[in-house]
Amino acid sequence: MSEKNPHTEPIDRLAATLALDEPVGRVRLVSPSRVNALAGLGIRTLRDLVTHFPRRYVDLSEKKTIAQASLGEKCTVEGVVYEVKLKRPKPRLSLTEITLTDSTGTLLVTCFRQPWLADQLSPGMRVAVAGTIEFNYGFKRMTNPYLEKLDAAAGAAGMIIPVHPACEKLSAAWMRRLVANGLSDCEGMLDPLPLDLRLRYRLMSKGRALSCIHFPQTMEEARQARRRLVYEELLVLQLTLIGEARARERGHAATRHVLEGPHSEALASALPFALTNDQRSARDAILSAMAGRHAMNHMLLGDVGTGKTAVAAFALASAADTGTQALMMAPTEVLAHQHGKSLGPWLDAANVSWAVLTGSTPASEREAILSRLSEGELDVLIGTHALLEDDVAPRNCSLVVIDEQQRFGVEQREALLCKGEAVDALSLTATPIPRSLALALFGNTELSYLRERPATAAGRSTTVLSKQERGRAYDVAREALERGEQVYVVCPLVGQSSEERDTRAGKASSREGDEDEYVYAAISIEGDQDYAGDNVAAAQQEAEFLQRSVFADWQVELLCGRMSGTEKQSVMERFRRGETQVLVATTVIEVGVDVPNATVMIIEDADRFGLSQLHQLRGRVGRGSKPGNVFLVSASRTDVALARLSAMESTDDGLELAAFDLSLRREGDILGNRQSGASSLKLVNVVRDANVIEAAHADALSILNEDPLLEQPEHRALAREARLAHGVAAGKQKGR
């Protein structure tokens, strides 16, 4: 046996590593037609293929006999095909019925719309099925289980079968073959994790981790492989996010802001209330960072009504004390003008000049504002996406405040940060983001949480109602109106039929919510739209129905995102002054709207919203001295939807709700797929992996403090992974 040349091994390892980013067509058995099928699954390179992880496993080492399988249990059963029948109970419906037997009994397997199974299976074959055991017509049954043909050896030995996401042209079995071939092509790859980190956390090598997560011998081996790969995903992400922030600052000196200057002192005296302990702590942390040597990147997370705006006011005053300027961007015109009304008097009292700029600002006024800004005469400019225009050119911008920052895309945030050199960035959000998710999304950001509410807030109660019970909400709303209070009706209905509206005049509709008639209230990042495809006519009809039939004795108006800025401002002004008693609104009121006299909110089709969005919506009531009542109306009967809405009844803590929401959904569903962080993670679950996120964040900081450009030999492979990860994220952002 000839000895292996030691000088060729590093070259082979490098070649295996570089192969990861070659086209997937190089893999054995990947024909041109399969290249196209893989592309439909997002697989274009060898790296994509070997990180196309199984969504679950069929554990034949833990299989049960037919007799042992309990009703309602999810389990794996191995048996012999006794009979296969193809049936067509309807012209466009096929079902394949498979009779399986083992030494203990008989199991009937029904597979809908899979007629090809009748050709692939024959009596005497050994198969494994994984699904839920049911009992009907005298037999144990499974409906649409995962089914795997076995050879005699596999059946005897027992094994774990990975189930990869597949498609019509590539079955799960074919995906296993292609993944196995792909792993062979990159065998011996360099490990990007430094040895000291692998030893510290007892992590297997990357090559072994990829092999074990795809083809584990035991479920514990799969768990250890996932642990290794999750840590690498998070470390690379944190290195990328923190590195990007430091790169922006490189070559520029950050402004060291003045603390306790005359503007800040005047602001503290002008506030008509005392700051909470959380507000004082957050203010001190933010101002300390603004006075530091490095550009600040701080996120202030506060549940609805915790006073984030007051904390941000001190940052704005500090910029004025330093002789520099600040930009504050809000996602909607309603919120921008709300900031003008709430912040404006405080800034006036602190002798800080300010203005509001939106897309509907008249041309002459806009020109005057931009002139004052460019000449340095304007300390603070509050605005919407209008601030991103090229002609918005402050003379010396040192601070950017982004309110409800998750509403903006990465490129929009970056564009605002480019209005100055090494500017301090303060992000505000009322979306309750657990620390683990915040680090995964914005790993380069320091965090402050506001949990205390001002003692004057009366709070609110939340009740879930079926559509048939909607009348209870209307009764409470009418009682509030008779007391001189005001009501919100949040209306995500689009294209509702007049027949259904009319049926609700005295009682709720008997219909159970036709899915085709409703649209989820998705938030657009472009401009001030609160709906994807918002049908203003349908919303107007809803307002007219309520005016005519439910709230005939009071004034009802409509507010939605498709209105012009001037129209929205006029509607809100009338509602604030009490001239309008019932406001039918879309999610444009989700943030920033503050009318203390509004005490009742009715949210239609509440199951269409995420918990965080529902929580922000209900935060519009119970803000003053009068308690609020929130009614979540839903036609849904699904267990998940009812569990989510039930959580809204049981707690008013936004962070607790967000954690619960994350346990049910992916993080991208909560914040949208516009972020540069968690949306690129394949294995990470921010609830389950919170401790790993914290460890990766700390390790990334330590590595970059020691080796800012990742130039040391032990960090070169890691630097390549970070560059590739950044390129993938940038490509995704560009394509959105």
Side-chain angles (χ1 to χ4, degrees), residues 460-482 485-521 531 535 538-554 556 558 581-587 589 598-611 613-615 617-618 620-622 627-652 657 660 664:
R460 66 199 67 83
S461 64
T462 301
T463 305
V464 178
L465 300 175
S466 68
K467 284 187 178 290
Q468 289 79 8
E469 298 173 308
R470 186 195 276 108
R472 289 173 51 190
Y474 289 158
D475 289 342
V476 172
R478 281 190 288 257
E479 290 171 5
L481 291 167
E482 288 170 356
E485 298 165 10
Q486 291 165 280
V487 173
Y488 291 109
V489 178
V490 181
C491 173
L493 300 181
V494 176
Q496 183 187 29
S497 68
S498 59
E499 177 184 353
E500 182 174 357
R501 277 195 310 278
D502 292 340
T503 306
R504 287 169 41 201
K507 59 183 180 179
S509 168
S510 62
R511 297 179 61 182
E512 292 302 321
D514 186 349
E515 294 257 332
D516 293 334
E517 292 191 355
Y518 304 109
V519 171
Y520 178 80
Y531 275 78
N535 186 327
Q540 180 67 51
Q541 289 171 353
E542 176 70 12
E544 291 171 357
F545 156 73
L546 293 174
Q547 177 71 88
R548 181 178 70 249
S549 304
V550 181
F551 304 119
D553 296 331
W554 295 277
V556 179
L558 171 70
Q581 291 80 46
V582 180
L583 186 65
V584 177
T586 54
T587 52
I589 66 158
T599 61
V600 176
M601 175 176 284
I602 302 169
I603 303 178
E604 300 284 356
D605 293 285
D607 54 287
R608 306 273 170 180
F609 299 92
L611 292 188
Q613 193 176 34
L614 285 174
H615 186 62
L617 284 167
R618 72 176 173 181
R620 300 309 104 207
V621 299
N629 289 285
V630 179
F631 297 94
L632 308 179
V633 180
S634 170
S636 177
R637 292 181 177 179
T638 66
D639 291 340
V640 172
L642 294 176
R644 291 172 63 247
L645 295 180
S646 177
M648 293 290 295
E649 289 184 299
S650 63
T651 181
D652 201 45
L657 282 172
F660 180 73
L664 297 177

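The model shown is predicted, which means the values in this text are computed figures rather than measured ones. Note that these values count all heavy atoms, side chains included, but never hydrogens, waters or copies made by symmetry.
In this structure, CZ on R618 lies 7.5 Å from CG on L632, to the nearest 0.5 angstrom. A distance of 7.5 Å separates CG of L611 from CG of L645, quoted to the nearest 0.5 Å. Rounding to the nearest 0.5 Å gives a distance of 9.0 Å between CG of D607 and CG of L614. Atoms CG and CG, on D652 and L657 in that order, are 8.0 Å from each other to the nearest 0.5 Å. Interatomic distance, CZ of R620 versus OH of Y488, reported as 7.5 Å (0.5 Å rounding). Atom CG of residue L617 and atom CE of residue M648 lie 8.5 Å apart, to the nearest 0.5 angstrom.
Across all non-hydrogen atoms, the minimal contact from A477 to I602 is CB-CD1, 4.3 Å. Between G622 and R460, the shortest heavy-atom contact is O-NH2, 4.2 Å. Taking all atoms of both residues into account, the shortest heavy-atom contact from S636 to S634 is N-OG, 3.0 Å. Across all non-hydrogen atoms, the minimal contact from V556 to Q547 is N-OE1, 2.9 Å.
Put simply, the side chain of Q581 does not reach to within 4.5 Å of the side chain of V487, judged on heavy atoms.
Residues passing the side chain to side chain contact (heavy atoms under 4.5 Å, CB included) test with T599 are A480, E485, K626, sequence neighbours excluded. Residues meeting the side-chain hydrogen bond (donor to acceptor under 3.5 Å, both in side chains) test with T463, sequence neighbours left out: none. Among residues two or more places apart in sequence or in another chain, the side-chain hydrogen bond (donor to acceptor under 3.5 Å, both in side chains) test is passed with D553 by none.
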Fill in: Intermediate values then yes/no, side chain to side chain contact (heavy atoms under 4.5 Å, CB included), E469 and V633
CA-CA 8 Å; E469 298 173 308; V633 180; over 6 Å; no
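Between R478 and D475 a salt bridge is recorded (basic side-chain N to carboxylate O distance below 4.0 Å).
Between the side chain of E479 and the backbone N or O of Y474 there is no donor-acceptor pair closer than 3.5 Å.
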